[in-house]
Structure formats: structure tokens, C-alpha cells
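Side-chain atoms are counted along with the backbone in the values below, which use heavy atoms only and exclude waters and symmetry mates. Just so you know, these numbers come straight off a predicted model, no measurement behind them.
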Amino acid sequence: MPARLVASAKKSMTGLKAQAVRNVSATWLSLLVHALVSFFLSPFVLHRLGDAAFSVWILVFSLTGYFGLLDFGIRSSIVRYVARFIAVGDDDQLGRFLATSVAFYLSVALVVLVLTTIGSAYLPALFKIPPELLRTARLLFWLGGLSVAMTFPLSVFAGVMEGLQKFAHVQLTFMFATLLRGLAVVIALSQGGGLLALAAVTIGTNICGYLVLMWMAYQKLPLQMILRRPDPHVLHKMVGYGAFAFLIAVAEKLRFQSDAIVIGAFLSSTAITYYSVASRLVEYSTSAVRSLAQIVTPMSSQFHATGDRGRLCRLLIVGNRACALVVFPLAVTLVVCGRSVIEVWVGARYVSSYSILVLLIVPKSLYLAQSTSTRILLGMGRHRILASVLLLEGVVNVVLSFLLAPRFGLIGVAWGTAIPLACTSLLFLPRHLCRQLEVPLTVFLRRTYLLPLALCLPLAGVLWLLSSRFPAHNYQTMLWQLACGGLVYGASVAWSLTATGRGRAAPWRIFEETMEPGLRERYAESRIER
């Protein structure tokens with residue numbers, strides 16, 4: 001193992017908190033830029049393209065997104081095993097693993113190109129696409145498939161950077177790619193460009209971001225690590241871990257990316273726009289939590305590799321509380337002010353999407369408030385049951401959406417997503433994690449979610465009062481209301497932190513003292529040994 005990698009591994013353990021702060025800060029900065037660019041760019045693109053063309057854009061890229069399933073879970077194994085091999089200093093296994101990953105993804109890229117050729121011929125038979133947009137939709141499908149094919153081998157290097165816990169490098173790279181994409185899209189559409197110009201800009205900036213990460217990975221790892229012969233035994237090991245991560249990826253597609261396809265098949269491609277208005281707001285508001293939780297996978301992998309159960313349990317409590325502190329106020333804001341946000345953002349004609357927004361944001365927030373839980377399971381390699389449950393949820397989602405869409409329209413599709421997602425979030429996930437880490441369920445729920453829920457009550461009251469007395473019909477009023485709510489929530493969070501500093505016991509100490517005696521003794525012994 002090169003000396004600089006060993007030093008990096010030691011530093012990651014001793015300076016874990018500082019590293020986590022850097023990673024989260026860079027992630028949220030990138031997320032803020034991405035959210036702002038997407039928020040202001042989406043209505044510009046929608047009004048420039050029109051409902052029909054915008055719906056085709058959403059439909060085609062939802063379809064090509066399913067090519068990502070050919071990953072077979074290998075992407076998640078890259079992050080886990082890079083972190084693990086770095087932690088234990090196994091240079092040989094790391095090299096075998098990376099070389100095998102690149103070879104595997106090059107093969108997958110060829111398969112994607114073949115499937116793109118076949119799929120483009122069946123678009124008009126499967127979906128209700130306007131005749132005047134059919135040729136453009138096929139070309140768009142080609143570009144989307146080509147983009148996915150190129151991304152597969154390049155994503156290995158992004159996984160390497162995440163496994164090295166260089167999330168700041170990854171996020172800042174994609175942040176600049178987002179800024180470049182936003183500027184290029186405005187120029188292209190302002191000059192009369194259409195769907196194909198939009199696709200070329202989006203795909204080009206995305207590939208550039210991955211190329212920069214490839215260069216960064218080469219600076220961290222010796223070139224010969226990548227240029228070795230693939231190892232079939234390593235591939236078997238990767239697939240063994242990635243099989244259930246693959247099922248999770250399938251489930252994610254079925255749970256959150258199948259709605260556009262159902263709408264395009266049973267209703268019309270134009271109707272996708274109205275559903276997309278709500279689903280995009282949900283995605284913008286919840287992507288902050290996804291970005292926060294992604295740093296947990298390599299951390300939990302290292303803790304599990306070194307047998308540090310105490311830190312794993314602490315990560316479960318503190319990580320999920322942080323996710324809840326982010327996602328709960330965002331959900332409250334959209335539920336209370338959603339109509340005004342939609343009207344100001346894309347226009348009053350889309351306010352009917354508000355009911356879809358509420359149906360999606362509530363169960364999605366319950367699930368994302370437990371984002372750390374799913375990442376811990378992936379890091380520990382104990383995601384088999386999780387994968388099975390999520391896959392079942394995804395199948396139920398699609399079946400319900402198919403059954404409800406013809407009768408209830410877009411609302412039926414939203415219910416098809418909301419019902420199984422709520423069941424997973426409330427009935428399965430918290431119990432499963434608590435059993436895995438031997439944490440009492442009531443302790444987990446109380447220490448994790450009681451404070452975030454309490455802090456959202458003043459926020460909800462202020463936003464309801466302002467929105468009922470001063471309905472927002474423009475950005476100025478809406479931003480003023482959101483700023484007032486943000487100040488109230490920020491003051492509540494600051495008060496809770498100040499109260500903790502004045503003498504309340506630290507949350508983790510309270511948690512430990514309420515644990516089962518035998519478990520508390522084991523943690524005490526592990527701290528003495530360290």
C-alpha cells in the first residue's frame with residue numbers, strides 16, 4: 001500500500017468529525033447550487049419547450065434511466081470495498097477490484113448500446129407520443145442511451161473518490177458542471193434550440209464532470225491498479241455483495257421512476273408534465289438528505305470492518321436525526337405553502353398538482369428521515385432483507401399505479417406510490433435497523449425524531465398564518481414568507497443547541513444510559529480498550 005494512502009486512512013479515522021463536516025459542507029453547497037439552478041431553469045425549459053415536448057423529455061430520460069439497472073449493484077460495492085481495502089491496507093485486492101470493475105462496466109456499456117438500438121424501434125408502440133415529436137423522441141432516446149453507456153465505466157472513478165471519502169471533490173466537481181449546464185441550456189434554448197440541443201448540453205456537461213473525477217482518481221491511486229487483468233474471483237465477490245444492492249436499485253426505479261412510464265402508457269405523455277411539477281419539487285426538497293446520507297456508507301463500512309459497534313449505533317442515531325432536521329421542515333413548507341410555490345414557480349395553470357405534491361412528500365419524508373439507516377446496512381453488507389422489502393414495495397407500487405391510473409388519473413398514480421412507501425417507512429425500516437444493531441426501538445424513535453418534530457411546530461404555525469393572510473402570487477411575497485419561516489426554524493434549532501450547551505446531557509450519553517445493561521457494558525469495555 002502506498003504510504004500516502006496509509007496516511008490518508010489513518011487521518012480518516014482520527015479526524016473523522018472534521019472530515020464529515022467538510023464532506024457535508026461541500027455536498028450541501030453543491031446541492032444548493034444544483035437546487036437553485038434546477039428550480040429557476042425548470043420553468044424556463046418548460047415554457048420554451050411546451051407541455052408536449054417537456055413531457056417527452058421526462059419520459060425518454062425515465063426510460064433510459066432504467067439502463068442503470070445493468071449496474072447489478074457493482075457501483076455500491078465500489079464505494080464499500082475501496083473504503084474497506086484502504087482501512088485494512090490491502091493494496092493487492094484494491095488493484096484487482098478496480099481493474100475488474102472497469103472491465104465489467106465496459107462490457108455493460110456495449111449491452112446498453114444494443115438495447116438502445118432495439119428500444120428506439122418500439123417507442124411509438126408502447127407510449128402515446130405526439131406524431132410530430134416521434135422522430136425527435138427516437139433521437140433523444142439514442143442520446144440518452146449513449147450517455148448511460150459512457151457513464152458506466154467513468155462512474156468507477158467517482159466511486160473511488162467516494163470510497164476514499166473525498167466527497168468534497170466529487171460534489172464540487174458536479175457543482176461546477178451544474179453551473180456550466182445551466183448557462184449552456186439558457187444559451188441553447190434562447191438561440192432557438194429544442195429537445196436535442198437540451199440533451200446535448202445536459203449529456204456533455206455530465207460526461208465532463210466524470211472525466212474530471214477520473215483525473216482526480218488517477219492522482220490518488222497508482223495507474224497500474226487500473227491496468228491489471230480482470231479477476232473472475234473478484235467479480236464473483238462483487239456480484240455477491242452487489243446482487244442485493246442491484247435489487248435495491250431495481251426497487252428504486254420501480255418506486256420513484258416508474259410513474260412517468262405508467263402515465264405515458266395509460267393516460268398521455270402530455271399529462272406527465274403535471275405530475276412532474278409535483279415530483280420535481282419533492283425531489284428538490286429531498287435531495288439534501290440523500291446528499292447528507294451518502295457519506296455514511298464508507299464510514300459504516302470502516303466501523304464494521306474494525307468491529308466498532310458503538311460508533312455504528314451512534315451513527316444511526318445522530319445521522320438519522322440530522323436527516324430529519326433537514327427533511328421535516330422542507331416537507332412542512334411544501335405542505336403549507338405548496339400551492340403558492342407551484343403558482344409562482346411554473347404558473348397558476350399547474351396548481352392542480354398540489355394534491356399530488358402532498359401525497360408524495362409526506363411518505364417520502366418519512367422514508368428519507370431514515371436515510372442513514374439504509375446506508376448503514378449497505379456499509380455493513382447486511383442489506384439482503386432491505387433489498388427484498390424494497391423490491392416488494394416497488395412491485396406493489398407499479399401494480400397499484402396500473403390499477404388506479406385508468407380510474408383516478410394522476411391522483412391514482414400518486415396513491416400507488418404513497419401507500420407502499422408509507423408502509424415501508426413506518427412498519428419495516430425502523431424495526432429492522434434496531435434489531436440489526438440491538439438498539440431499543442422506543443429509544444431510537446425518541447432520541448432521533450422527537451426533537452425534529454417539535455422544532456417543526458413553530459415553523460408550521462408561522463407559515464400557515466402568513467400564507468392564509470398574505471397569499472403569495474409572486475417571488476417577492478413567497479421568498480418573504482419562506483424567509484420568515486426559515487428564521488423561526490433556525491431560531492428554534494439554535495435554542496435547542498444552546499439549551500444543550502447549558503447543561504443538558506449530550507444526546508448520545510442519554511442514549512447509552514437508556515440502553516440495555518449488557519449492551520452498555522460492552523460499549524464501556526470497548527471504550528476502555530481504545
Side-chain angles (χ1 to χ4, degrees), residues 28-29 31-44 46-47 274-289 291-292 321-369 411 414 418 422 449-499:
W28 280 2
L29 176 61
L31 176 67
L32 177 63
V33 170
H34 179 76
L36 290 175
V37 170
S38 299
F39 185 82
F40 290 106
L41 195 63
S42 291
F44 174 79
L46 172 59
H47 295 307
Y274 289 85
Y275 194 91
S276 176
V277 167
S279 62
R280 283 184 172 234
L281 281 177
V282 173
E283 186 60 31
Y284 295 156
S285 64
T286 57
S287 55
V289 180
S291 300
L292 171 64
R321 186 193 295 126
C323 291
L325 285 169
V326 174
V327 73
F328 284 173
L330 293 174
V332 167
T333 300
L334 287 179
V335 169
V336 177
C337 304
R339 286 189 176 88
S340 297
V341 171
I342 292 174
E343 178 183 349
V344 172
W345 183 40
V346 291
R349 61 181 291 194
Y350 299 100
V351 171
S352 59
S353 299
Y354 172 74
S355 55
I356 300 172
L357 173 64
V358 174
L359 283 175
L360 295 179
I361 190 64
V362 173
K364 189 73 174 288
S365 298
L366 294 174
Y367 177 72
L368 289 173
I411 293 295
Y449 300 115
L450 185 59
L451 177 63
L453 287 172
L455 294 178
C456 284
L457 294 178
L459 170 65
V462 168
L463 290 178
W464 177 82
L465 181 63
L466 293 176
S467 61
S468 60
R469 296 202 172 189
F470 310 100
H473 302 291
N474 52 61
Y475 272 112
Q476 182 178 0
T477 305
M478 184 188 74
L479 293 176
W480 171 72
Q481 292 180 359
L482 296 181
C484 291
L487 288 174
V488 170
Y489 184 74
S492 301
V493 173
W495 173 83
S496 68
L497 295 175
T498 304

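Residues Leu359 and Ala418 come closest through the heavy atom pair O-CB, 3.3 Å. In terms of heavy atoms, Tyr449 sits closest to Ala369 at OH-O, 2.9 Å. The nearest pair of heavy atoms linking Leu368 to Cys323 is O-CB, 3.7 Å. Listed here is the closest heavy atom pair of Gln481 and Leu463: O-CD2, 3.6 Å. Closest of all the heavy-atom pairs between Cys456 and Val332 is CB-CG2, 4.1 Å. Contact record, Ala414 with Ile356: CB-CG2, 4.0 Å, taken as the closest heavy-atom pair.
Judged by distance alone, the side chain of Tyr367 and the main-chain N or O of Val362 form no donor-acceptor pair under 3.5 Å. Counting only distance, with no hydrogens or angles, the side chain of Ser353 and the backbone of Tyr274 share a donor-acceptor pair below 3.5 Å. Not one N or O on the side chain of Thr477 forms a donor-acceptor pair closer than 3.5 Å with the backbone of His473.
We find the OH-CG distance between Tyr489 and Leu457 to be 11.0 Å, quoted to the nearest 0.5 Å. Separating the CG atom in Leu334 from the OG atom in Ser365 is a distance of 8.0 Å, to the nearest 0.5 Å. Atoms CG and OG, on Leu455 and Ser496 in that order, are 5.0 Å from each other to the nearest 0.5 Å. Annotation: the span from Ser355 atom OG to Arg339 atom CZ amounts to 8.0 Å, rounded to 0.5 Å. Once rounded to the nearest 0.5 Å, the distance linking OG1 of Thr333 with CG of Leu281 reads 12.0 Å. The OH atom of Tyr275 sits 4.5 Å away from the CG atom of Leu360 when rounded to the nearest 0.5 Å.
Ring geometry for Phe470 against Trp480 counts as perpendicular: the plane angle is over 60°, on a 0 to 90° scale with 30° as the lower cut.
Atom CH2 of Trp345 sits in a crowded spot, with more than 12 heavy atoms from other residues, nucleotides or ligands closer than 6.0 Å.
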